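Every heavy atom of this structure was used, including side-chain atoms; hydrogens, water molecules and symmetry mates were not. Keep in mind the model is a prediction, meaning the values are calculated, not measured. If you read the sequence from its start, that first residue is 1, and numbering goes on from there.
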Amino acid sequence: MELTDKVKLIECPRDAMQGIRDFIPTEKKVVYLQALLRCGFDTIDFGSFVSPRAIPQMRDTAKVLDRLDLSATQSKLLAIVANVRGANDASGFEQIDYLGYPFSISENFQMRNTHKTIAESIDVLQEILEIADVSGKEVVAYLSMGFGNPYGDPWNVDIVADWTEKLHKMGVRILSLSDTVGTSTPEVISYIFSGLIPAYPEMEFGAHLHTTPDTWFEKVDTAYGAGCRRFDGAIQGYGGCPMAKDKLTGNMPTEKLLSYMNSKKADCGVRAMSFESAYNEALKIFGAYF
């Protein structure tokens, strides 16, 4: 089969795990991540350097990282950071390639997520960009509420475009637009990606889409048709935004992404047999929680 487009798939076990109350033993996390590292994903969003009071499930990220065998993988590692301290901690690990920072254009959600105003968050992001530059990392900025806002804050596509321009001027090269609580529509997804991707050819745009089981296809199909070639997912759609009250709204299921990309003959680099093994490991870990 002749492959056409190159698509980056980012698997997000951190997003799947972080909302689970019962602590998943470190060794179980290591086994699961090791299975994912054999699959061929472009990047693994594996953990976070945030306050253990805020996200207790991720308090062992450093221990997990030290136990991973990265000798036989080409997948890169991404860690989420919410402040300068977290960025400094994460940047001290040679194994980490990307620092992910959640930046919201919703004042309400920024306060809920990082306990900072948008103005304060911009200052933090600037410092994180500087830390990444010194330590040889790259920043992935997540523009949460990128496709809509259920909290009543001002939102429209022009606001998204204005913030993209500001982040571009700050030096953000990878911007993942986040459908934080699954409110996006195909029309909005198409309009935003069709406008931003050609306007900033030097930037890489991603889609971090949350979805219900019956809306995943239209979201992926629209984003792909508008030129997006970077997609976040989690096996079985586990996890999602802790703010979402609808239990059916979860992460974009990775197996659905793979099925779609195969239908488009897109090259994701994911090995089928290794993915099946990782899928089975996911069922073992998450089956009791979801």
Item to complete: Count the heavy atoms belonging to other residues, nucleotides or ligands that lie under 6.0 Å from CZ of Arg67, then report whether that count exceeds 12.
Response: yes
Worksheet item: Any donor and acceptor pair, going by atom type alone, linking the side chain of Ser274 with main-chain N or O of Cys39 inside 3.5 Å?
Response: no
Worksheet item: Looking at CD1 of Ile44 and CD of Glu11, how far apart are the two atoms once the value is rounded to the nearest 0.5 Å?
Response: 6.0 Å
Item to complete: May I ask you to check whether over 12 heavy atoms, not counting those of Lys116, lie within 6.0 Å of atom NZ?
Response: yes
Practice prompt. With rounding to the nearest 0.5 Å, note down the distance linking CG in Asp66 to OG1 in Thr61.
Written response: 11.0 Å
Worksheet item: Looking only at atom types and distance, does a side-chain atom of Ser194 sit under 3.5 Å from a main-chain N or O of Ser190, one as donor and one as acceptor?
Response: yes
Item to complete: Considering non-hydrogen atoms only, spot the tightest contact between Ser91 and Ser135 and give its length.
Response: CB-OG, 3.4 Å
Practice prompt. Would you sort out whether Leu78 and Val140 count as a side-chain contact (heavy atoms from CB on, under 4.5 Å), showing the intermediate values?
Written response: CA-CA 9 Å; Leu78 181 150; Val140 177; 3.8 Å; yes
Practice prompt. Before giving the answer on side-chain contact (heavy atoms from CB on, under 4.5 Å), spell out for Val270 and Leu258 the whole-Å C-alpha distance, their side-chain angles and the decisive distance to 0.1 Å.
Written response: CA-CA 8 Å; Val270 176; Leu258 285 171; 3.8 Å; yes
Worksheet item: Do Asp214 and Thr212 have side-chain N/O donor and acceptor atoms under 3.5 Å apart?
Response: yes
Item to complete: Measure the spacing between CD1 of Ile24 and CD of Gln18 and express it to the nearest 0.5 Å.
Response: 11.0 Å
Worksheet item: Regarding Ser144 and Ser104, is there a side-chain donor-to-acceptor distance under 3.5 Å anywhere?
Response: yes
Practice prompt. Could you check Asn251 against Asp232 for side-chain contact (heavy atoms from CB on, under 4.5 Å), going step by step and ending with a plain yes or no?
Written response: CA-CA 8 Å; Asn251 281 302; Asp232 289 10; over 6 Å; no
Worksheet item: Do any N or O atoms from the side chain of Lys137 and from the backbone of Ile96 form a donor-acceptor pair under 3.5 angstrom?
Response: yes
Worksheet entry | Donor-acceptor contact below 3.5 Å, side chain Glu107 vs main chain Asp153 | no
Discussion item. Set out, in order, the CA-CA distance, both residues' side-chain angles and the distance that settles side-chain contact (heavy atoms from CB on, under 4.5 Å) for Trp155 and Val160, then state yes or no.
Written reply: CA-CA 8 Å; Trp155 186 95; Val160 176; 3.6 Å; yes
Discussion item. Check this for me, if you would: do Glu204 and Arg230 make a salt bridge, where the nitrogen-to-carboxylate-oxygen distance has to be below 4.0 angstrom?
Written reply: yes
Worksheet entry | Gap separating the CG atom of Asn83 from the CG atom of Asp89, nearest 0.5 angstrom | 8.5 Å
Discussion item. Listing request: all ring pair (Phe, Tyr, Trp, His ring centres under 6.0 Å) pairs with a residue in residues 56-104, at least two apart in sequence or in separate chains.
Written reply: Phe49-Phe93, Phe103-Trp163
Worksheet item: Distance under 6.0 Å and angle within 45° of the ring axis: does Arg59 meet both against Phe23?
Response: yes
Item to complete: Identify whether the distance between the nearest side-chain nitrogen and carboxylate oxygen of Lys76 and Asp42 falls below 4.0 Å.
Response: yes
Fill in: Any donor-acceptor N/O pair, Asn149 side chain to Tyr151 backbone, under 3.5 Å
yes
Worksheet item: Using 4.0 Å as the upper bound for N to carboxylate O, is an ion pair formed by Asp179 and Lys219?
Response: yes
Fill in: Among Leu143, Val50, Val81, Ile80, the one residue meeting side-chain contact (heavy atoms from CB on, under 4.5 Å) with Pro102
Ile80
Worksheet item: Taking atom CG of Leu177 and atom CE of Met145, what is their separation to the nearest 0.5 Å?
Response: 12.5 Å
Discussion item. With a 6.0 Å cut-off (strictly less than), is the heavy-atom count around NZ of Lys63, excluding the residue itself, greater than 12?
Written reply: no
Practice prompt. Mark yes or no for whether Thr73, through its side chain, and Leu37, through its backbone, hold a donor-acceptor pair below 3.5 Å.
Written response: yes
Practice prompt. Quick one: pull up OG1 in Thr222 and CD in Glu187 and give me the separation to the nearest 0.5 Å.
Written response: 7.5 Å
Discussion item. Can you confirm if the aromatic rings of Phe286 and Tyr32 lie within a centre distance of less than 6.0 Å?
Written reply: yes
